[in-house]
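These notes concern the structure reproduced below.
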Amino acid sequence: MKLTQAAARRVAVAAQGFAEPAPAGPVTRAHLRRLVSRIQVLQLDSVSVSVRAHYAPVFSRLGPYDRIVLERAAWTHSARSPRLLVEYWAHEAALMAVDDWPLLRWRMREYADGRWGKEIVRKNRRLADDVVAAVGELGPATAGQIEAHLEAEPRGRKGPWWDRSDTKWVAEALFASGVLTTATRVGFARHYDLSERVLPPEVFAREVDDDFAVRELVLRSATALGVGTEADIRDYFRLGAGRAKPVIADLVAQGELEPVEVDGWTAPAYLRVGQTIPRLDRGTALLCPFDPLVFFRPRVERLFDFHYRIEIYVPEPKRRFGYYVWPFLLDGELVGRVDLKAERTRDALHVVGAFVEPGRDPGRVATALALELRSMATWLGLSDVTVGERGELAGALRTAL
């Protein structure tokens, strides 16, 4: 089967939920559950210059919503409203469906000594045991609270017997290995608790065969992408080639994935069987840098002819577009980008820079972008949208606003 680049783009945008209208009423827990079952992950990131990354994909697809709906789904639990989401290294650090946590047990075993700083963990086995014991006593606690608790324990000598920074490394390693997870967040600080106390008992107890787990993750990736190369599919859950490649071949043989050629793509692609190919370009939204539609930059370039890199770590004079730039999706195509900053003291969503892609109509892009920015400002509780001087779209956008 062959697909044009435009057809592949429409498949990808629709698979991510952009082709459907936003809910007519308030966004509910049921809406959120359906969205997560579709896009799988809400990536976490500490940057809060406009809004934290995990909130943005929900807004981009469902429109303005009460962020408390997401917070309760991720970080609270009750008999009436059981936890819907849980944190783990799914793509990067991300929120995922709590029922899918067992699908990553194989990764937890690979991260038995953590994802990074493994030598620190290996030198501090006793500290790891003490951190687990401390969390067992304290309940949900930050690394600082755990450390303070351990320092306060009588040890027959003054001062801690470990380096202060080690506690955070060890707590993160225990998170990566599945012993601890995030019970809640206050601000953005992670409060660790024992996974067995946070997860539903049936989820914590569930053991999943590694081959089955990887098969499920590949299928989820392919479904969320609609169409993608092996590299695209592997990136979604950061799967190694050794695990994913044979699974993709088996899924093709079983009729779950269909090999396709996409015009202009050098690598073969795979279409999720049953995925419709839309005839019309649909989907208008602002996309945060960590939105699942754009977080794998090579795919963005192949699908949209849109070169995109995050410039947070680039020195300001060398930045091309800005610090925290949101691509703008208009009728299923990436037509521009804006560097956004929520300026609470000025009660405004500030557009530091606004840029239009070559060949696009600045007036059309600015008019549509102005509507999305107004919606986003209202969602963030800001009363105005202001525009700086950077970018060739700034003037047209200021006029449209």
Side-chain angles (χ1 to χ4, degrees), residues 18 22 42-68 70-71 187-188 283-291 293-295 297 300 306-330 333-358 360-401:
F18 289 104
L42 298 171
Q43 187 171 338
L44 295 157
D45 189 79
S46 60
V47 177
S48 60
V49 65
S50 48
V51 63
R52 294 201 192 276
H54 55 286
Y55 295 111
V58 183
F59 165 74
S60 298
R61 291 158 179 79
L62 303 183
Y65 72 102
D66 188 341
R67 279 172 281 172
I68 290 175
L70 176 55
E71 290 165 3
F188 198 63
T284 296
L286 284 161
L287 308 174
C288 89
F290 303 106
D291 190 286
L293 183 63
V294 297
F295 60 33
R297 313 306 189 205
V300 176
F306 189 88
H307 182 79
Y308 181 51
R309 299 292 185 271
I310 193 164
E311 299 182 273
I312 289 173
Y313 303 110
V314 176
E316 186 173 359
K318 295 184 178 181
R319 289 178 194 145
R320 183 180 176 191
F321 296 110
Y323 180 78
Y324 200 73
V325 174
W326 297 57
F328 180 47
L329 184 75
L330 176 59
E333 298 185 73
L334 292 179
V335 298
R337 61 192 93 197
V338 281
D339 184 14
L340 295 181
K341 183 178 182 181
E343 296 190 336
R344 300 288 174 184
T345 56
R346 295 173 55 192
D347 194 23
L349 179 63
H350 184 56
V351 181
V352 182
F355 308 85
V356 65
E357 287 297 286
R360 304 294 181 175
D361 178 358
R364 175 176 176 264
V365 172
T367 299
L369 179 56
L371 291 174
E372 294 301 312
L373 290 168
R374 287 286 187 200
S375 177
M376 183 175 179
T378 301
W379 173 56
L380 296 178
L382 301 169
S383 62
D384 198 10
V385 179
T386 58
V387 183
E389 299 299 322
R390 291 197 69 240
E392 66 282 347
L393 190 62
L397 180 59
R398 196 177 297 111
T399 299
L401 285 162

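Only this structure's heavy atoms are used, side chains among them; waters, hydrogens and symmetry mates stay out.
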Whether [X] side chain and [Y] backbone form a donor-acceptor pair below 3.5 Å:
X	Y	result
Arg390	Phe321	yes
Arg337	Phe355	no
Asp347	Ser383	yes

Over all atoms of both residues, closest heavy-atom pair of [X] and [Y]:
X	Y	value
Ser60	Phe18	O-CE2, 3.8 Å
Cys288	Ala53	SG-O, 3.9 Å
Leu42	Pro57	CD2-CB, 3.9 Å
Leu334	Glu357	O-CG, 3.8 Å
Phe328	Ala285	CD1-O, 3.5 Å

Checklist entry - What's the verdict on side-chain contact (heavy atoms from CB on, under 4.5 Å) for Arg374 and Asp384, showing C-alpha distance, side-chain angles and the deciding distance? => result CA-CA 8 Å; Arg374 287 286 187 200; Asp384 198 10; 3.5 Å; yes
If you round to the nearest 0.5 Å, how far is [atom2] of [Y] from [atom1] of [X]?
X	Y	atom1	atom2	result
Leu349	Glu343	CG	CD	9.0 Å
His350	Ser50	NE2	OG	12.5 Å
Asp291	Trp326	CG	CH2	8.5 Å
Phe290	Ile310	CZ	CD1	4.0 Å
Tyr55	Arg67	OH	CZ	6.5 Å
Tyr65	Trp379	OH	CH2	4.5 Å

Find out whether [X] and [Y] are in side-chain contact, i.e. whether some heavy atom of one side chain is under 4.5 Å from a heavy atom of the other.
X	Y	result
Gln43	Pro289	no
Arg344	Leu382	yes
Leu330	Arg360	no
Val325	Val338	no
Glu311	Tyr323	no
Ile312	Tyr324	yes
Val351	Val385	yes
Leu340	Val51	no

Checklist entry - What orientation do Tyr308 and Phe306 show, parallel under 30°, tilted 30 to 60°, or perpendicular over 60°? => result tilted
Output a table of donor-acceptor pairs, distance under 3.5 Å, between side-chain atoms of residues 361-372 and any protein atom two or more places apart or on a different chain; print 'none' if there are none.
| unit_1 | atom_1 | unit_2 | atom_2 | d |
| --- | --- | --- | --- | --- |
| Asp361 | OD1 | Gly363 | N | 3.0 |
| Arg364 | NH2 | Asp331 | OD2 | 2.7 |
| Thr367 | OG1 | Gly363 | O | 2.9 |

Next on the checklist: Taking salt bridge (charged side-chain N to carboxylate O under 4.0 Å, His left out) as the definition, give me every residue that meets it alongside Asp45, ordered by chain and number, with sequence neighbours left out.
Outcome noted: none
Can you give me every donor-acceptor pair (side chain of residues 391-401, partner residue at least two apart or in another chain, under 3.5 Å) with its distance?
| unit_1 | atom_1 | unit_2 | atom_2 | d |
| --- | --- | --- | --- | --- |
| Glu392 | OE2 | Val356 | N | 2.8 |
| Arg398 | NH2 | Gly388 | O | 2.6 |
| Thr399 | OG1 | Gly395 | O | 3.1 |

Checklist entry - Near Arg309 CZ, under 6.0 Å, is it more than 12 heavy atoms from other residues, nucleotides or ligands? => result yes
